[in-house]
Amino acid sequence: MNYWLAKSEPVTYSWKQLVKDGKTAWTGVRNYQARNHLRAMKVGDRMLFYHSNEGRNAVGIAKVVKAAYPDPTAKEGDWCCVDFVPVKPLTKPVGLAMIKTDELLQEMVLVKNSRLSVQPVTEKQFNRVLELAGTRI
DNA sequence: GCCAACGTTGGC
DNA sequence: GCCAACGTTGGC
């Protein structure tokens, strides 16, 4: 299984909205690196849902339910999206400040390239975030 | 609100 | 193919 992190401004699309929707098509990605990560996703992969700008914290765990397919919102270009569903919220959201000071999370892409909207996360990092969040799947 | 970092575009 | 200019993102 692979682990990922998807970022969204809560103003645009929040965890709360995801829970309400029950499922979402992660459309609108227009960055090649992020797109390639979407393409590498498999059904069942786990994902951290992160709020950028407002909150700046990982707030929930999601699960990929449909692998990459053409993004219906893309009028031109070779873009794709995946579908995912919320699994559960983090008991204690893990803030960026905490991630930056945690020894085991220094190497997270979130720390090194904060602008990438879809990022790979290692199993160790994923488990560490869950540990800090006081949450088990 | 500011600005650094990054990606993209276009002139040469 | 290089690089300056520009737009966007997101932390602070």
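Given the structure is predicted, the values throughout are model-derived calculations rather than measurements. Numbers restart at 1 for each chain; the letters A, B, ... are given by sequence-line order, proteins then strands.
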Please give me the minimum heavy-atom distance between A:Leu132 and A:Lys92, naming the atom from each residue.
O-CE, 3.7 Å

Under the side-chain hydrogen bond (donor to acceptor under 3.5 Å, both in side chains) rule, what do A:Trp26 and A:Asp83 come out as? Steps first, then yes or no, please.
CA-CA 6 Å; A:Trp26 206 239; A:Asp83 289 356; over 6 Å; no

With side-chain hydrogen bond (donor to acceptor under 3.5 Å, both in side chains) as the rule and sequence neighbours excluded, what pairs involving residues 127-137 of chain A come up?
A:Thr91-A:Thr135, A:Asp102-A:Arg128, A:Arg128-A:Glu131

May I have all residue pairs that pass side-chain hydrogen bond (donor to acceptor under 3.5 Å, both in side chains) and include part of residues 32-43 of chain A, sequence neighbours excluded?
A:Arg39-A:Asp78

Report the hydrophobic cluster partners of A:Val43, with the cluster defined as I, L, V, M, F, W, Y residues connected by side-chain heavy atoms closer than 4.5 angstrom, directly or transitively.
none

Please collect all ring-ring contact (aromatic ring centres under 6.0 Å, His included) contacts where either partner lies in residues 116-137 of chain A, sequence neighbours excluded, each pair once.
A:Tyr3-A:Phe126

What closest approach, in Å, do A:Met98 and A:Val94 show between heavy atoms, and which atom pair accounts for it?
SD-CG1, 4.1 Å

Output one letter per nucleotide in nucleotides 3-8 of chain B: B when a protein non-hydrogen atom lies under 4.0 Å from the base, S when only the sugar-phosphate is that close, - when neither is.
--BBSS

Side chains of A:Ser117 and A:Arg30: donor-acceptor distance under 3.5 Å anywhere?
no

What are the residues of residues 51-58 of chain A, sorted by number, that bring a heavy atom to within less than 4.0 Å of DNA chain C?
A:Ser52, A:Asn53, A:Arg56

At 4.0 Å (heavy atoms only), tell me whether A:Leu96 reaches a base, stays on the sugar-phosphate, or touches nothing.
sugar-phosphate

Expressed as a whole number of angstroms, how long is the span from A:Glu9:CD to C:dT9:P?
8 Å

Within the structure, does a side-chain N or O atom of A:Tyr50 lie under 4.0 Å from either OP1 or OP2 of C:dG11?
yes

